[in-house]
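Notes follow once the structure below has been shown.
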Amino acid sequence: MPETDAFVLANIAKALGHPARIRIVQLLADRHSCIGGDIVDEIGLAQSTVSEHLRILKESRVITGEIEHPRICYSLNPAILCTLADWLGNAIGQAATQNQDCSIPDRSSSHE
């Protein structure tokens, strides 16, 4: 995997690495787009906190924001989410074809 692809994926993963941001992404998936104030109401966090989460999601390009004065309408960026989905699908497919056993060995029968 090229370093730039790894960097993009790491940024997406980092952006999704907070429960509030996952909730925002799910809200946008459910509604297809959302005005910033609606997100604040639905998520139940302070406006400044939601704004910071939205900023992080926008920087990683997970979401986009279009200004509709005086508000901003947010929506998911399918291209970036497809990048993540494709990578995860490939990783899962490779793991499945390698018949990997990810189970933890039984340590109860270890030598004492």
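One is the number of the first residue; the rest follow in order along the sequence.
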> If only atom types and distance count, is the side chain of Thr49 paired as donor or acceptor with the main-chain N or O of Leu45 below 3.5 Å?
Replying inline: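 Flag not set: sc Thr49 to bb Leu45 has no pair under 3.5 Å.
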
> Does Arg61 offer a backbone N or O that forms a donor-acceptor pair with the side chain of Asn77 under 3.5 Å?
Replying inline: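 Present.
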
Please report the closest heavy-atom contact between [X] and [Y], naming both atoms and the distance.
| X | Y | value |
| --- | --- | --- |
| Leu27 | Cys34 | CD2-SG, 4.3 Å |
| Val25 | Val62 | CG2-CG1, 4.0 Å |
| Ile35 | Cys73 | CD1-CB, 3.9 Å |

Atom [atom1] of [X] and atom [atom2] of [Y]: how far apart are they, to the nearest 0.5 Å?
| X | Y | atom1 | atom2 | answer |
| --- | --- | --- | --- | --- |
| Leu84 | Ile12 | CG | CD1 | 5.5 Å |
| Leu81 | Leu76 | CG | CG | 5.5 Å |
| Gln26 | Ile43 | CD | CD1 | 10.0 Å |

>> Applying a strict under-4.5 Å side-chain criterion to I, L, V, M, F, W and Y, I'd like to know whether Ile56 and Tyr74 cluster together.
In response: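 Unlinked, Ile56 and Tyr74 end up in two clusters.
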
>> Quick check on the hydrophobic clustering: are Ile63 and Ile67 connected, directly or via other members, by side-chain heavy-atom contacts under 4.5 Å?
In response: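 They do share one cluster, since a chain of ILVMFWY contacts under 4.5 Å joins Ile63 to Ile67.
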
Between [X] and [Y], is any pair of side-chain heavy atoms under 4.5 Å apart?
| X | Y | result |
| --- | --- | --- |
| Leu57 | Leu16 | yes |
| Asp5 | Thr83 | no |
| Ser51 | Gln47 | yes |

> How would you list all residue pairs meeting ring pair (Phe, Tyr, Trp, His ring centres under 6.0 Å) that involve residues 35-64, not counting sequence neighbours?
Replying inline: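 For residues 35-64, and leaving out neighbouring residues, the ring pair (Phe, Tyr, Trp, His ring centres under 6.0 Å) pairs sorted by first residue read His18-His53.
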
> So, Gln94 versus Asn90: side-chain donor-acceptor pair below 3.5 Å or not?
Replying inline: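 No pair is found: no donor N or O on one side chain lies under 3.5 Å from an acceptor on the other.
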
> Should Glu42 and Arg31 count as an ion pair when the cut-off is N to O under 4.0 Å?
Replying inline: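 Salt bridge: yes.
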
> Taking only residues two or more places apart in sequence or in another chain, which ones pass salt bridge (charged side-chain N to carboxylate O under 4.0 Å, His left out) with Arg71?
Replying inline: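 Arg71 satisfies salt bridge (charged side-chain N to carboxylate O under 4.0 Å, His left out) with no residue once adjacent residues are dropped.
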
